[in-house]
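Let me begin by presenting the structure, written as structure tokens, before commenting on it.
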Amino acid sequence: MNDRTPASPAALLEGSQLMRQGTADVFRHRERSRLKKVLRAIAVVFLLDAFLYDWYTTGHRIGLPSFGPEFIYFLPVIGIFVAIAFMALMPFMFGRSPHLTVYPEQVEIGLTEIKGLDTQVDEVIRTLDVFLGYATFRDELGGTPRRGILFEGPPGTGKTFLAKAMAKQAGVPFMFIPAPSFVSMWQGMTAWRIRAFFKKLRKAARKEGGAIGFIEEIDAVAMSRGGVSSATAAPSDLARTTSAFFGSGEGSMVNELLIQLQSFDTPPWRDRVRGKLIAWVNGYLPPNRQFHSIRPEYHNILLIAATNRGDSLDPALLRPGRFDRRLYFDLPTKQERRDLIDFFLARKSHDERLDVDADRERIAHETFGYTPVMIEHLFDEALLVSLREGRKRMNFEDVMEAKFTEEIGTKQVTNYTETDRDAVATHEAGHATVAYLVGVGRRLEVLSIIKRRGALGLLAHSDEEERLTRTKTELEAGIAIALGGLAAEEMCFGESGTGPGADLAAATSLAAQMVGSFGMAGSLISYEAVADGPLSRSNLVGKVLGNPETKQRVEDILDGQRERVREVLAENRDIHAALRDALMEHDELVRDEILEVIEKALANRL
């Protein structure tokens with residue numbers, strides 16, 4: 001197998017002769033457009049100056065027009081006509097393209113500065129090669145340049161950021177538009193706005209030598225069409241109806257988008273008029289004396305769309321010639337998170353300790369599952385923590401506090417009764433005891449009886465190493481940890497309270513996945529195969545619990561783990577009691593503090 005490591009962006013950009021030639025072509029095109037604008041401005045100023053000079057020298061004076069005294073009687077009529085005209089033209093006023101144009105010099109970050117997206121940057125650089133060198137690719141190689149790319153992935157993974165960096169690298173305008181802004185309350189205006197956006201895109205490409213369009217959340221206007229099932233039934237009575245003048249025009253959005261994606265090279269109105277005139281003249285001329293028809297000019301356009309629901313888009317959008325390249329943005333790996341941490345910390349005020357590799361590696365490990373936006377936000381929150389404590393530089397402790405606040409919520413002062421305080425401490429100590437003794441490769445982060453986000457207490461624990469898969473033993477350990485609080489209450493009080501409700505829901509969900517999805521309970525049938533209907537993929541627990549046989553298997557798993565947890569707690573009452581007493585005294589234990597209490601309890605056994 002050939003594992004190709006993506007080359008660095010700087011190396012790809014430096015070694016790309018097509019991109020260098022194409023960039024030069026773009027800048028020459030922009031310079032020609034600028035000179036044309038200057039010449040037109042000079043001509044307009046000259047003609048206006050000549051007109052004003054002639055007007056002045058012939059004795060005319062510039063002033064406001066005068067009206068007779070009877071003019072006041074016509075004002076109401078004029079006002080009514082103006083109001084009627086305004087109402088008639090109102091839909092057309094809302095038909096303008098609501099896009100935002102960003103020019104290359106307004107974008108701060110280029111492709112060489114992007115971190116954490118090595119694979120995606122590698123691909124878009126090769127796309128820019130063809131985009132800028134389209135003349136060579138079409139005329140010399142006979143290829144058809146790529147016109148559309150679909151960016152798909154979770155929110156905050158850098159889709160919009162990378163698209164802007166592409167525009168800066170290419171040196172062409174970047175036209176950004178969120179797809180929901182296409183939708184209008186006026187019937188037909190949604191399709192009109194889509195046409196207006198593509199018209200502006202073509203105009204920018206003619207003037208600037210190329211243009212990149214970016215449609216954010218394209219699923220808002222490009223969901224898969226449902227065929228005849230989406231048709232509206234005819235009214236069966238004379239009930240009240242409303243005019244169809246208002247409406248989103250959802251039925252035409254996808255169709256209009258498909259049409260525009262095939263109309264990149266539509267000529268401007270001047271060329272269309274000229275072409276019709278030539279065709280009309282050629283109709284009167286013999287074939288050997290006819291004028292040559294005008295060939296449509298190629299518009300150098302690259303359209304990028306972003307979504308986190310790529311599978312829900314209309315299949316016609318994804319065929320070759322439209323969005324024929326799908327680029328997936330996944331969560332960054334540990335090394336990519338480390339690169340992002342280095343990038344963000346270089347731009348934010350921080351203590352010298354955060355320059356130590358060990359601390360940065362620890363942050364990269366702790367931020368497993370974070371997107372680039374979430375990592376940057378984490379450092380911003382850490383800066384706020386440092387400011388609250390009177391410092392202007394964040395340190396490692398600030399970052400960890402900000403992380404816990406983001407993940408488990410802010411602390412809420414609550415006056416517990418002694419009974420509630422003892423019950424919550426007993427419950428959480430049960431979780432921690434089981435997690436330490438049963439959890440394989442688990443790191444205990446926070447053990448607390450301080451209320452956060454509606455939870456009276458919590459145990460936060462994570463993997464010691466970055467893991468992407470789970471074994472059956474690890475899943476059973478997860479269920480056991482979830483049941484630790486319930487078993488601790490039963491051991492200490494003889495019965496459980498309302499506290500384990502959320503724990504039971506989590507344990508049931510995990511056991512249902514073992515039975516109905518992972519094939520870990522004696523049957524290899526997967527309920528994930530059910531794609532549609534009320535018991536669809538999104539309701540796996542409902543599918544499993546709706547079958548008496550699989551429901552019994554879930555019961556067996558839960559009962560088995562509860563018995564296991566009871567035995568563990570009975571054999572380690574001293575550890576549980578030590579953690580409960582420490583919580584009653586300190587309210588919250590963090591990392592090493594938890595281990596110190598457990599190790600001290602184990603040492604007292606000797």
Side-chain angles (χ1 to χ4, degrees), residues 91-92 94-102 127 130-131 134 138 144-152 159-160 163 166-167 172-184 186-225 247-272 275 295-307 309-310 312-326:
F92 300 96
F94 290 97
R96 300 180 60 185
S97 174
H99 70 274
L100 173 67
T101 301
V102 180
T127 299
V130 179
F131 173 72
Y134 71 94
R138 292 176 69 243
T144 302
R146 182 181 294 162
R147 308 297 285 269
I149 306 178
L150 180 66
F151 288 175
E152 56 179 321
K159 299 184 289 293
T160 305
M166 289 176 65
V172 298
F174 176 81
M175 301 177 69
F176 170 85
I177 184 169
S181 64
F182 280 130
V183 181
S184 172
W186 303 101
Q187 184 71 23
M189 284 299 104
T190 298
W192 193 318
R193 285 182 175 181
I194 293 175
R195 289 193 295 270
F197 173 70
F198 280 87
K199 182 178 179 181
K200 292 290 185 180
L201 202 57
R202 291 190 293 267
K203 184 177 180 181
R206 289 194 300 269
K207 288 186 175 181
E208 305 290 340
I212 294 179
F214 184 80
I215 304 177
E216 181 72 280
E217 303 297 342
I218 192 174
D219 50 271
V221 295
M223 297 289 283
S224 180
R225 292 167 291 182
S248 62
E250 294 180 359
S252 64
M253 287 190 293
V254 178
N255 293 334
E256 185 61 41
L257 194 58
L258 293 173
I259 292 171
Q260 293 302 319
L261 286 171
Q262 295 296 115
S263 306
F264 284 125
D265 297 329
T266 300
W269 67 271
R270 294 185 301 272
D271 291 347
R272 293 200 299 269
R295 296 183 60 184
E297 178 186 1
Y298 179 83
H299 294 92
N300 192 23
I301 294 173
L302 179 63
L303 185 65
I304 305 171
T307 181
R309 303 176 61 190
S312 66
L313 298 182
D314 194 281
L317 285 170
L318 306 178
R319 73 157 178 80
R322 289 170 180 155
F323 293 109
D324 50 3
R325 183 69 175 94
R326 300 175 69 172

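Computed from a predicted model, the values in this text were never measured in an experiment. Just so you know, these numbers use all the heavy atoms, side chains as well, and skip hydrogens, waters and symmetry mates.
Separating the CG atom in Leu317 from the CG atom in Leu150 is a distance of 9.0 Å, to the nearest 0.5 Å. Atom CZ of Arg325 and atom CD1 of Ile304 lie 12.5 Å apart (nearest 0.5 Å). Here the CG-OG distance, from Leu201 to Ser263, works out to 12.0 Å after rounding to the nearest 0.5 Å. How far CZ of Arg206 is from NE2 of His299: 4.5 Å, rounded to the nearest 0.5 Å. One finds the CD atom of Glu256 at 10.0 Å from the CZ atom of Phe182 (value rounded to the nearest 0.5 Å).
Counting only heavy atoms from C-beta outward, the side chains of Phe197 and Met175 approach each other to under 4.5 Å. Using a 4.5 Å heavy-atom threshold, the side chains of Val172 and Phe131 count as touching. Looking at Arg202 and Thr266, their side chains come closer than 4.5 Å, going by heavy atoms from C-beta outward. Under the 4.5 Å side-chain criterion, counting only non-hydrogen atoms from C-beta, Arg146 is not in contact with Val130. At least one side-chain heavy atom of Pro268 sits less than 4.5 Å from a side-chain heavy atom of Asp271. Proximity of Phe323 to Leu261: side-chain heavy atoms (C-beta onward) are separated by under 4.5 Å at one or more points. Contact check for Phe264 versus Phe198: side-chain heavy atoms found under the 4.5 Å cut-off. In this structure, Asp265 and Ile301 have side chains that are not in contact, with every pair of non-hydrogen atoms separated by 4.5 Å or more.
A salt bridge is absent between Asp314 and Arg319: the closest approach of a Lys/Arg side-chain nitrogen to an acidic carboxylate oxygen does not fall below 4.0 angstrom.
Side-chain N or O atoms of Arg195 include none that pairs as donor or acceptor with a backbone N or O of Gln260 at under 3.5 Å. Formation of a donor-acceptor pair under 3.5 Å by the Arg322 side chain with backbone atoms of Ala316 is found in this model.
For Arg326, the CZ atom sits in a packed shell: over 12 heavy atoms of surrounding residues, nucleotides or ligands are nearer than 6.0 Å.
Considering all non-hydrogen atoms of both residues, Phe174 and Ala167 come closest at CB-CB, 3.4 Å. Among all heavy-atom pairs drawn from His99 and Lys200, the shortest one is CE1-CG, 3.6 Å. For the pair Leu302 and Gly148, the tightest heavy-atom approach, listed with the atom from each and the gap, is CD1-N, 4.3 Å.
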Compile the donor-acceptor pairs under 3.5 Å between side chains in residues 213-221 and protein atoms, sequence neighbours left out, one pair per line.
from, atom 1, to, atom 2, distance (Å)
Glu216, OE2, Thr160, OG1, 2.6
Asp219, OD1, Thr307, OG1, 2.6

